[in-house]
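Every chain is numbered from 1, with letters handed out A, B, ... down the list of sequences. These values consider heavy atoms only, across backbone and side chains, with no hydrogens, waters or symmetry-generated copies.
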4 protein chains.
Amino acid sequence: MASNKYEEIVLAAVKLFDKKGYHATSVQDIADAVGLQKGSLYHYISGKADLLLGVAQRAITEFNLRMERILASKESAQSKMKKALEMHLQLVTHDVQLSTVLLRESVALGENPQQVIQDATDQYLDLWTRLIEEGMAGGEFRPGNARMKALAVLGACNWVYRWYQEDGALTSEMVADIYADLFLDGIANSK
Amino acid sequence: MASNKYEEIVLAAVKLFDKKGYHATSVQDIADAVGLQKGSLYHYISGKADLLLGVAQRAITEFNLRMERILASKESAQSKMKKALEMHLQLVTHDVQLSTVLLRESVALGENPQQVIQDATDQYLDLWTRLIEEGMAGGEFRPGNARMKALAVLGACNWVYRWYQEDGALTSEMVADIYADLFLDGIANSK
Amino acid sequence: MASNKYEEIVLAAVKLFDKKGYHATSVQDIADAVGLQKGSLYHYISGKADLLLGVAQRAITEFNLRMERILASKESAQSKMKKALEMHLQLVTHDVQLSTVLLRESVALGENPQQVIQDATDQYLDLWTRLIEEGMAGGEFRPGNARMKALAVLGACNWVYRWYQEDGALTSEMVADIYADLFLDGIANSK
Amino acid sequence: MASNKYEEIVLAAVKLFDKKGYHATSVQDIADAVGLQKGSLYHYISGKADLLLGVAQRAITEFNLRMERILASKESAQSKMKKALEMHLQLVTHDVQLSTVLLRESVALGENPQQVIQDATDQYLDLWTRLIEEGMAGGEFRPGNARMKALAVLGACNWVYRWYQEDGALTSEMVADIYADLFLDGIANSK
DNA sequence: TATGAATGAGCATTCATTCAT
DNA sequence: GATGAATGAATGCTCATTCAT
């Protein structure tokens, strides 16, 4: 099992990557944050890039896991959609730092490692698409391009890391409520 | 005024920043791309960061300008919303590279320059919020938190740079149509 | 505390600064001189300028320390003057390189660091002025502008770094004897 | 005859070299100061180093010229000594900037050009040595090492550029008086 | 004369990584 | 495990100088 020290390092890295960005964060910074020498860090990590990759992977995996659970449940599509929004926004807002790193810094990884993240992300998009497709198939949702609607929803949700304040007045549930209302019923007053 | 060479440099920079990211792009890379020596670049730019700042500013300014024009027009809120979506998505998809740089790399700027971009971005959000508020006031839109609905719409639209393929089958108009439908009337089959 | 390597670097820097001047000496030169890579130097120094500052400070501090000791002694003003001349010239001639750097390169430091050196130098001038003032007060020295006489003496002594040959026939004692004779009794044959 | 523009350039260079030091002064700085483009400067000068060399040469030549005139005059050695001190100090204080450059920046020249200055300087020292030797031969001055006494006097006088304030209360005549008194009769109260 | 674009070598500094102890 | 010295490549940037126009 991963040692405590490793967890400490990952945590420190996430915090720093969030605040300063991946590139602006030096290995020295991370070492300072955990009270180790730069060289000692390499007993736990194999490199700065791998640290980022690990961080990103750990984040996206959680998203996929939870989404699969929601999809597997026996509820209405509308209900699943609300749950999925709540889940996604909860993860995003619960660890804005982690989300920031995941959503912003993936370019920093070379092409190959980035693909790993991309694949997991694509899988996540698939799950959302399936949710919407099922809703359409069941008549709960209006027909249309499910994939693109999923992209719109995910885009809106991912953007949250840009403005959400962990210590602000808004909880993730409140955001989820508003977003669910918006995405399910639209802005317009259809009367 | 702006010389051809400067434009060439900015273009090359945008392309490179998009592909490799701001940090992974060296001044040397840019110089190579325009066929100049590294040092010669500094006749045109005052530094790598300023290049990014300039690029970002030029992009966000265009968004604000167009949004103001739409807001000033005499049309229904629904119509304005559609126009705004078209405009935004057209800009984003027309120069995905530029958008990528704007939306992804602003952290790379120091705090002060970043603020400049942030301010312009905030102003843009204000314009969208106003559009929605006016729709609510006029009874065209259902009441609610206009600012957060604006954030959702913008998030969805900005995310497009992540998946849009300039040479793909989808035009920005098609995306705008689908997004307008989604945001105005929602996913659900309200029947 | 100070490691051997650091001393080695300082020594090499002094030698190079003396020979080629501060600006004409590159960090590479210093690295070559101590057999390290350029980058490795930064384990020991925090920058080229600080190296110079450190060198200068170390030099001027020694001057002040010794001068204070002489002033504190219970001897005639004439005797103190001779001792001070011997001391100053011994330091200057013993490490002409160090003196050269101190006396020639302080402009190279920015304004603030330069001030540190200037302050220490001013203090040294004060000590000399006091020596002469005490001589005047005691009737040993003819009355006059003590500060300016101190400036003349110091100017003459500092100039020595310009012509003194460490491997020449002249010892610092010989120079001190001649200078003491000159400054105490003058050139003129007062009969 | 040297054009006005050239004089302007030299003047600007001296001023800048004095204030910021030779190395810290860029050709751009000089160009800015005279309102020309960097490239245009090279119609008048052949390089930055030559500019310094010219400046230095022009300065030292004046010293030599005046000293020869004094030596040729028919006066007592004491009187010549006073006149020489007045002359030297007047030149030094009249254009402290020029003196600073001459006395501080000669290292900046490569070895060969520096030699030119060194030769002129050596010649100047010879003239002073001759003055003192003649005083000794005539019995006006106490016997001793004339060259070293000249070095002491010159050192004291040259040092003046380090502390003299062009806009201060002290005139060069006042300094010359005090220095003449000091060098001729010494500090000590010979009773 | 004057310009200003272009050069190309040079510079101080940073940094992820390695490795002997 | 931990250290910290050492690496060496890379980076952004400066600058004196050249030269076609």
Side-chain angles (χ1 to χ4, degrees), chain A residues 3-6 22-31 34-52 108, chain B residues 3-6 8-9 22-31 34-52 108, chain C residues 3-6 8-9 22-31 34-52 108, chain D residues 3-6 22-31 34-52 108:
Chain A
S3 77
N4 274 356
K5 211 78 187 175
Y6 177 69
Y22 172 76
H23 277 104
T25 301
S26 70
V27 173
Q28 186 62 253
D29 290 333
I30 303 173
V34 298
L36 278 178
Q37 287 306 112
K38 226 184 346 176
S40 313
L41 231 56
Y42 286 81
H43 285 288
Y44 303 98
I45 67 172
S46 62
K48 194 185 164 192
D50 291 290
L51 196 50
L52 175 55
Chain B
S3 76
N4 275 357
K5 210 79 189 176
Y6 177 71
E8 219 182 299
I9 291 169
Y22 172 77
H23 277 106
T25 302
S26 72
V27 173
Q28 186 63 254
D29 289 335
I30 303 173
V34 298
L36 278 178
Q37 290 303 112
K38 218 182 356 173
S40 312
L41 232 53
Y42 286 81
H43 277 283
Y44 303 97
I45 67 171
S46 61
K48 193 185 165 193
D50 289 289
L51 196 50
L52 175 55
Chain C
S3 76
N4 275 357
K5 211 77 188 178
Y6 178 70
E8 220 182 298
I9 292 169
Y22 172 77
H23 277 104
T25 301
S26 72
V27 173
Q28 186 64 254
D29 290 334
I30 303 174
V34 298
L36 278 178
Q37 291 301 112
K38 220 184 349 176
S40 312
L41 232 55
Y42 286 81
H43 277 283
Y44 302 97
I45 67 172
S46 61
K48 194 184 163 192
D50 289 289
L51 196 50
L52 174 55
Chain D
S3 78
N4 274 356
K5 211 77 186 175
Y6 178 70
Y22 172 77
H23 277 103
T25 302
S26 70
V27 172
Q28 185 64 251
D29 289 334
I30 302 173
V34 299
L36 278 178
Q37 288 306 112
K38 225 183 349 176
S40 313
L41 231 55
Y42 286 80
H43 286 286
Y44 302 97
I45 66 172
S46 61
K48 194 184 164 192
D50 290 289
L51 195 51
L52 176 55

To the nearest angstrom, the NE2-P distance between His23(A) and dG12(F) comes to 11 Å
Fill in: Check: Thr25(C) main-chain N/O paired with Lys48(C) side-chain donor or acceptor under 3.5 Å
yes
Bounded by its outermost nucleotides with an atom under 4.0 Å from a heavy atom of chain D, the footprint on DNA chain E reads dT1(E) to dG4(E)
Whole-Å distance, Leu36(A) CG to dG4(F) C1', equals 13 Å
By nearest-heavy-atom nucleotide on DNA chain F, the more 5' of Thr25(D) and Ile45(B) is Ile45(B)
note: Gln28(B), atom CD; dA10(F), atom P; distance rounded to Å ~ 11 Å
Output field dot_bracket for DNA chain F (Watson-Crick or G-U, both distances under 3.5 Å, | for other-strand pairs) contains .||||||||||||||||||||
Ala108(B) and His23(B) have their tightest heavy-atom pair at CB-CE1, 3.9 Å
Report task. Could you tell me whether the side chain of Tyr22(C) and the main chain of Ala49(C) form a donor-acceptor pair under 3.5 Å? Result -> yes
Lys38(B) atom NZ is separated from dC15(F) atom P, nearest whole Å, by 15 Å
Can you find a side-chain donor-acceptor pair between Ser46(C) and Asp50(C) that sits under 3.5 Å? yes
Side-chain touch Tyr44(B)/Glu8(B), heavy atoms, less than 4.5 angstrom:
no
Comparing Gln37(B) with Gly39(D), nearest DNA chain E nucleotide closer to 5' gives the residue Gly39(D)
Check: Is Leu41(B) close to Val34(B) at the side-chain level, that is, under 4.5 Å between some pair of heavy atoms?
Finding: yes
Next item on the list: Quick one: label Lys5(D) by what it contacts on the DNA or RNA (base, sugar-phosphate, nothing), any heavy atom closer than 4.0 Å.
Entry: nothing
Closest to the 5' end of DNA chain F, once Ala24(B) and Asp50(D) are matched to their nearest nucleotides, is Ala24(B)
Is the shortest heavy-atom distance from the side chain of Leu51(A) to the side chain of Ile30(A) under 4.5 Å? yes
Rounded to the nearest 0.5 angstrom, the CD-CD distance for Gln28(D) and Gln37(D) is 7.0 Å
task: Take Leu36(C) and Lys5(C) through the test side chain to side chain contact (heavy atoms under 4.5 Å, CB included) and record every step on the way to the result.
output: CA-CA 10 Å; Leu36(C) 278 178; Lys5(C) 211 77 188 178; 3.9 Å; yes
dT3(F) phosphate, OP1 or OP2, under 4.0 Å from Ser40(A) side-chain N/O = yes
Contacts of Leu41(B) and Ser26(C) projected onto DNA chain E by closest heavy atom; the upstream (5') one is Leu41(B)
Side-chain N,O (Tyr42(A)) to OP1/OP2 (dT3(F)) below 4.0 Å | no
note: Tyr44(C), atom OH; dG4(F), atom C1'; distance rounded to Å ~ 9 Å
Whole-Å distance, Asn4(A) CG to dG1(F) C1', equals 15 Å
